[in-house]
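Working notes, structure below.
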2 protein chains.
Amino acid sequence: MNKQPKYRQVADALRRDINNAVYGPGSRLPSESELGEHFGASRNTIRSGLALLVSEGLISSSQGLGYEVRKHEVFELNASRFENLTFPQNGDAYNTDVTAAGRRPSQTFRVEVAPATEYVAERIRVARESTTVLRFCHRFVDDVPWSTQATYYPDWLVKEAPRLAEPGDIEEGTTRYLAGIGVEQVGYRDEIETRMPTPEEARLLDISAGPVLLWTRTGYSDTKPIRCTITTLRGDLNRLAYEIGNLSALEEELLP
Amino acid sequence: MNKQPKYRQVADALRRDINNAVYGPGSRLPSESELGEHFGASRNTIRSGLALLVSEGLISSSQGLGYEVRKHEVFELNASRFENLTFPQNGDAYNTDVTAAGRRPSQTFRVEVAPATEYVAERIRVARESTTVLRFCHRFVDDVPWSTQATYYPDWLVKEAPRLAEPGDIEEGTTRYLAGIGVEQVGYRDEIETRMPTPEEARLLDISAGPVLLWTRTGYSDTKPIRCTITTLRGDLNRLAYEIGNLSALEEELLP
DNA sequence: TAGTGGTCTAGACCACCTC
DNA sequence: AGGTGGTCTAGACCACTAC
């Protein structure tokens with residue numbers, strides 16, 4: 001027989017109850033002491049079991065309140081909608097998508113000059129530590145921190161497109177502004193990863209547990225890379241989607 | 001002054017040392033008792049700090065051995081390489097990509113009849129719990145569990161394409177087999193999410209800590225969905241890539 | 001004020017690895 | 001055998017929330 005440690009038995013029992021909706025989304029779990037009595041375990045052992053479920057993203061805890069079953073709400077970002085002149089939009093797809101979902105987007109924004117990290121440098125093909133312009137966005141949906149987005153532009157491009165270095169939004173969108181001065185983004189390469197947040201990311205995105213989704217887009221003109229955008233998304237709140245090829249079958253679904 | 005709890009101070013100090021390569025990748029950390037003496041904390045407090053770093057994916061622990069700084073090795077899957085007749089490949093891109101990276105792929109494979117989960121049913125547009133054929137793949141790279149892949153085919157398609165329900169591989173690849181009988185996949189919709197693994201996933205993929213990357217591809221003919229493939233990837237080992245548009249600038253990079 | 005979770009301790013015993 | 005991490009206990013005190 002495969003004997004599990006007691007804290008795992010506690011976690012398994014509670015997980016089963018949560019999946020079977022004995023404890024529904026948003027409802028509160030019994031207190032640590034009550035669970036301790038129920039399972040015949042010390043408070044610390046119960047806490048180990050609960051910590052497992054917290055790390056799995058099933059429950060969350062707040063001091064003075066107790067443990068609560070988390071409700072899941074996912075926002076989908078369409079990453080394949082082409083960022084070009086055929087889709088008029090401000091900045092990028094974010095405002096469009098969030099508003100379309102009936103939610104209220106907001107953001108803080110800043111521009112700075114920053115040395116290229118190794119990660120960025122190899123993608124926009126500049127020397128490590130060389131100067132870049134960083135346009136940084138901290139995004140919220142209904143005032144909940146949702147994602148951060150950092151776009152790096154190489155120095156040579158900023159010389160051609162000085163408005164990139166100016167603080168404040170570019171009304172018509174950076175992609176369109178660049179196209180207007182003859183630098184057109186004709187393709188991009190996306191990379192998607194996941195990992196646990198750094199303490200800094202956890203602070204910015206108000207993450208108490210669970211992973212982040214990292215989405216890097218390197219945009220190319222017909223001759224060279226022109227930007228690198230790194231988006232850090234709360235994993236529990238976001239999903240990325242790509243639609244590729246002929247999807248006429250999908251559109252029909254939405255007809256009356 | 002913002003006083004951090006002692007176990008966080010421990011974690012922060014060790015994290016800094018790891019990032020500054022005081023403890024390099026693959027090297028061992030001092031034992032819990034040594035750290036306890038160093039930081040003037042009880043063993044349990046030290047363990048809380050170390051647990052934080054484990055959950056962040058920075059270190060791993062093994063009973064009897066100690067804590068080790070993890071080395072990162074990421075395998076990139078190109079998800080946008082079109083799955084059609086222009087790219088000859090077995091099954092899908094997996095074998096091609098892994099072999100190209102100089103690694104040894106292996107897999108176990110099974111076919112079964114399974115009722116559609118709600119998630120699958122809404123994607124291939126069949127009734128919940130209706131019959132589907134599930135082709136399941138457990139994949140390894142150099143014998144390390146890497147990902148699982150489950151593809152669901154709707155019942156109506158299996159009637160037209162009976163080999164889908166036969167156990168064993170389809171030599172020329174399922175996409176090509178289907179094209180051969182007139183069911184061509186002309187487009188697909190990908191969805192990408194992340195979360196912590198379920199206990200079952202942790203077992204199959206041998207995950208001690210860290211998230212999984214979930215990649216769902218729904219394939220369409222010109223009139224309806226024909227399959228739904230759910231790939232579960234170890235987050236620490238995998239990255240997804242999409243290349244879209246004109247990337248002639250990227251190809252040049254690889255010339256002499 | 002009472003109840004909740006958050007931190008911390010001191011000590012015990014077990015399971016696993018290396019020598 | 002000796003050292004490592006893994007589990008578990010009993011108890012203390014603190015911080016936060018509710019009433």
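Below, chain A is the first sequence line, B the second, and so on; all start at residue 1. Quick note: numbers below take in every heavy atom, side chains included, and nothing from hydrogens, waters or symmetry partners.
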>> Counting only heavy atoms and a strict 4.0 angstrom limit, can you tell me which residues of residues 48-63 of chain A come near DNA chain C?
In response: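 Residues of residues 48-63 of chain A under 4.0 Å from DNA chain C: A/S61, A/S62, A/Q63.
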
Atom-pair distance ([atom1] on [X]; [atom2] on [N]), nearest Å:
| X | N | atom1 | atom2 | value |
| --- | --- | --- | --- | --- |
| B/E32 | C/dA12 | CD | P | 17 Å |
| B/E68 | D/dT4 | CD | P | 16 Å |
| B/E34 | D/dG5 | CD | C1' | 13 Å |

>> Could you check whether atom CD of A/E76 has more than 12 heavy atoms from other residues, nucleotides or ligands sitting under 6.0 Å from it?
In response: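 Yes.
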
> Counting only heavy atoms not in A/E112, do more than 12 sit closer than 6.0 Å to its CD atom?
Replying inline: yes

>> Using modelled atom types and a 3.5 Å cut-off, is there a donor and acceptor pairing between side-chain atoms of B/K6 and backbone atoms of B/G40?
In response: yes

> Sub-3.5 Å donor-acceptor pair from the side chain of A/Q9 to the main-chain atoms of A/Q4, do we have one?
Replying inline: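 Indeed, once roles are kept as given, a pair shorter than 3.5 Å links the two residues.
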
Atom pairs under 3.5 Å: protein N/O with N/O of nucleotides 7-10 of chain D:
{"residue": "D/dT7", "atom": "OP1", "partner": "A/Y7", "partner atom": "OH", "Å": "2.9"}
{"residue": "D/dT7", "atom": "OP2", "partner": "A/Y7", "partner atom": "OH", "Å": "3.1"}
{"residue": "D/dC8", "atom": "OP1", "partner": "A/K6", "partner atom": "N", "Å": "2.5"}
{"residue": "D/dC8", "atom": "OP2", "partner": "A/K6", "partner atom": "N", "Å": "3.2"}
{"residue": "D/dC8", "atom": "OP2", "partner": "A/Y7", "partner atom": "N", "Å": "3.1"}
{"residue": "D/dT9", "atom": "OP1", "partner": "A/K6", "partner atom": "NZ", "Å": "2.8"}
{"residue": "D/dT9", "atom": "OP2", "partner": "A/S42", "partner atom": "N", "Å": "2.9"}
{"residue": "D/dT9", "atom": "OP2", "partner": "A/S42", "partner atom": "OG", "Å": "3.0"}
{"residue": "D/dT9", "atom": "OP2", "partner": "A/T45", "partner atom": "OG1", "Å": "2.3"}
{"residue": "D/dA10", "atom": "N6", "partner": "A/N44", "partner atom": "ND2", "Å": "2.3"}

> Once you build an axis from the first five pairs and another from the last five of the helix from C/dT1-D/dA18 to C/dT18-D/dA1, how far apart in angle are they, to 10 degrees?
Replying inline: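 The end axes of the helix from C/dT1-D/dA18 to C/dT18-D/dA1 are about 10° apart, to the nearest 10°.
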
> For residues 48-59 of chain A, which residue pairs qualify under salt bridge (Lys or Arg N to Asp or Glu O under 4.0 Å), counting only residues two or more places apart or in two chains?
Replying inline: A/R15-A/E56

> Looking only at heavy atoms, what is the nearest atom pair of B/T229 and B/T151, with distance?
Replying inline: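 Looking at all heavy atoms of both residues, the closest pair is OG1-OG1, 3.0 Å.
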
> Nearest heavy-atom pair of B/R234 and B/L205: which atoms, and what distance?
Replying inline: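 Scanning both residues, the minimum pair turns out to be CD-O, 3.2 Å.
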
>> Tell me every residue that passes side-chain hydrogen bond (donor to acceptor under 3.5 Å, both in side chains) with B/E243, counting only those two or more places apart in sequence or in another chain.
In response: A/R189

> Are A/E73 and A/K71 close enough for a salt bridge, meaning some N to O gap below 4.0 Å?
Replying inline: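 No.
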
>> My understanding is that only residues two or more places apart in sequence, or in another chain, count here; which of them pass ring-ring contact (aromatic ring centres under 6.0 Å, His included) with A/Y242?
In response: B/Y242

